[in-house]
Structures are given as structure tokens and as C-alpha cells.
There are 2 protein chains.
Amino acid sequence: MGVDLDGPEPMYEQIADVIAARIADGTYPPRRRIPSEAGLCEEFGVARPTARSAIRLLVERGLVVTVRGKGSYVAEG
Amino acid sequence: MGVDLDGPEPMYEQIADVIAARIADGTYPPRRRIPSEAGLCEEFGVARPTARSAIRLLVERGLVVTVRGKGSYVAEG
DNA sequence: GGAAATTTGTTCGTATGTATA
DNA sequence: TTATACATACGAACAAATTTC
């Protein structure tokens with residue numbers, strides 16, 4: 001699915017890119033929730049800090065917003 | 001803030017000295033929490049292992065104790 | 001209302017690899 | 001070779017907000 005564990009980019013960046021692509025193609029529409037940290041851990045086989053780093057990157061890019069106790073949501077386009 | 005990045009002492013030692021001075025002058029009183037590792041990273045512009053080395057030095061000197069999941073605290077005088 | 005599960009927030013513990021002096 | 005420093009990654013504990021039953 002595009003995550004190349006042997007690639008030069010860190011895993012959290014590759015995961016963020018996968019999520020960003022899903023946002024771009026409408027898999028995750030605006031205002032919808034993206035998978036939880038635990039969900040990303042399971043899907044990509046990484047630890048929670050790594051999943052969190054990916055989400056942090058998406059937040060920095062303005063693609064998602066996170067709400068404590070609820071989840072992370074696709075920012076409104 | 002007294003940290004001389006061009007000085008002969010390693011950064012982690014200088015950071016530890018700064019914290020030790022704050023403990024001595026009462027800025028961080030006994031049983032109070034000192035800044036987290038992330039806080040030291042931001043304040044002194046270093047990476048986490050370096051901040052941890054500084055704290056390790058303070059623990060070795062008996063000035064602070066660290067508790068997993070909570071933080072590092074000034075030892076009781 | 002209350003208890004439990006889910007989810008994110010924060011923090012320290014540990015390990016590996018890379019780069020530099 | 002050793003010491004220092006950074007980046008990455010996994011593990012674990014504690015905390016707080018939210019949702020669900």
C-alpha cells in the first residue's frame with residue numbers, strides 16, 4: 001500500500017503520506033474521522049508513538065485536526 | 001541562560017548545571033517537578049537523548065528523582 | 001447517575017543507527 | 001576508539017476527555 005519499510009523516508013512520514021493520499025482521493029472526506037491511533041498501529045504494524053508522529057505531521061500540514069477523547073478529523077477544505 | 005554552546009563542557013552537563021542552579025536558588029523547590037524532557041528540549045534546543053543525559057546527571061548527583069509516566073522531581077533536602 | 005471502554009495527551013524507559021570530533 | 005549529539009522507533013505508565021451501556 002505504498003509503505004516501503006526499506007525506503008529512505010521514515011515510517012511516520014510514509015504513513016502520513018498514505019493518509020494524505022486518502023484525503024485527497026476522497027476516501028476520508030472533509031469532517032470525517034480518520035482511523036484512531038490504535039487503528040493506524042494495527043493497519044501499519046507500528047507502535048503508538050510512530051502513529052502519533054504521522055498524525056502530528058498531518059496536523060502540521062493542516063490536513064487534519066485532533067480532538068482529545070474523540071479522534072482526528074479531516075480538515076474542511 | 002548561561003548555556004555556552006561553544007564552551008568546553010558538553011551541552012548535557014551545562015544544562016544539568018543550569019537546573020542545579022535553579023534548584024539551589026529555589027526556582028525549583030523540593031518535591032516540585034522540574035521541566036519534562038520535552039520541555040528541556042525546547043528550552044535548550046537539544047534532542048531528547050541530550051535532555052535525558054542532563055537529567056541522568058542530576059539523578060546521579062542526588063538532586064532529582066524521576067518517575068516513569070509522571071516526571072522528574074527535586075529531591076527532598 | 002455510574003461504570004467501563006475508547007481515544008487522545010503527556011511522560012519516562014529503552015534501543016538502534018548515523019554523524020561528528 | 002571513545003564521547004557527544006541527533007533522529008528514529010518501540011514499550012510502558014499515567015492522565016484526561018468522550019462515548020456507550
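From a predicted model like this one, the values you see are computed outputs, not experimental measurements. We name chains A, B, ... by the order of the sequence lines, and we start the count at 1 in each one.
- With a 4.5 Å cut-off on side-chain heavy atoms, A/T66 and A/V59 count as touching.
- In this structure, A/R52 places its CZ atom 7 Å from P of C/dT10, rounding to the nearest Å.
- When all heavy atoms are compared, the tightest approach of B/G62 to B/A75 is O-CB, 3.4 Å.
- Residues B/L63 and B/V18 share a hydrophobic cluster, clusters being chains of Ile/Leu/Val/Met/Phe/Trp/Tyr side chains in contact below 4.5 Å.
- Put simply, OG on A/S53 and CZ on A/R48 are 11.0 Å apart, with the number rounded to the nearest 0.5 Å.
- Residues B/I55 and B/L40 have side chains in contact (heavy-atom distance under 4.5 Å, counting atoms from C-beta outward).
- Within the helix from C/dG2-D/dC21 to C/dA21-D/dT2, the inter-axis angle between the opening and closing five-pair segments is 10°, rounded to 10°.
- One side chain, A/Y28 or A/R22, offers a donor N or O that lies under 3.5 Å from an acceptor on the other.
- Between the side chain of B/Q14 and the backbone N or O of B/E9, at least one donor-acceptor pair lies under 3.5 Å.
- Summarising the geometry, atom CG belonging to B/D17 is positioned 8.5 Å from atom CG belonging to B/L58; distances are rounded to the nearest 0.5 Å.
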Sub-3.5 Å pairs of nitrogen or oxygen atoms, protein against nucleotides 17-21 of chain D:
residue : atom : partner : partner atom : Å
D/dT18  : O4'  : A/G69   : O            : 3.4
D/dT19  : OP1  : A/K70   : NZ           : 3.2

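- Between B/I23 atom CD1 and B/R61 atom CZ the span is 10.0 Å, to the nearest 0.5 Å.
- Once rounded to the nearest 0.5 Å, the distance linking CD of A/E43 with CD1 of A/I15 reads 8.5 Å.
- Rounding to the nearest 0.5 Å gives a distance of 10.5 Å between CZ of B/R52 and SG of B/C41.
- Across residues 34-41 of chain A, A/S36, A/E37 each have a non-hydrogen atom less than 4.0 Å from an atom of DNA chain C (numbered order).
- A/L57 and A/M11 are assigned to two separate hydrophobic clusters, defined by single-linkage of ILVMFWY side chains at heavy-atom distances under 4.5 Å.
- Taking CZ from B/R31 and OH from B/Y73, the interatomic distance works out to 10.0 Å, rounded to the nearest 0.5 Å.
- Taking B/Y12 as the reference, nothing meets the side-chain hydrogen bond (donor to acceptor under 3.5 Å, both in side chains) condition, with sequence neighbours excluded.
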With 3.5 Å as the limit, what N/O pairs link the protein to nucleotides 5-9 of chain D?
residue : atom : partner : partner atom : Å
D/dA5   : OP1  : B/M11   : N            : 2.5
D/dC6   : OP2  : B/A47   : N            : 3.1
D/dC6   : OP2  : B/T50   : OG1          : 2.2
D/dT8   : OP1  : A/Y12   : OH           : 3.2
D/dT8   : OP2  : A/Y12   : OH           : 3.4
D/dA9   : OP1  : A/M11   : N            : 2.7

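- At the heavy-atom level, B/R33 lies under 4.0 Å from the strands shown only through sugar-phosphate atoms.
- Atom CZ of B/R56 and atom C1' of D/dA3 are 11 Å apart (whole Å).
- Counting heavy atoms of neighbouring residues, nucleotides and ligands inside a 6.0 Å radius, atom CD of A/E42 does not exceed 12 of them.
- Considering only side-chain N and O atoms, A/S72 lies nowhere under 4.0 angstrom from the phosphate OP1 or OP2 of C/dT7.
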N/O-N/O pairs, protein side and nucleotides 19-21 of chain C side, under 3.5 Å:
none

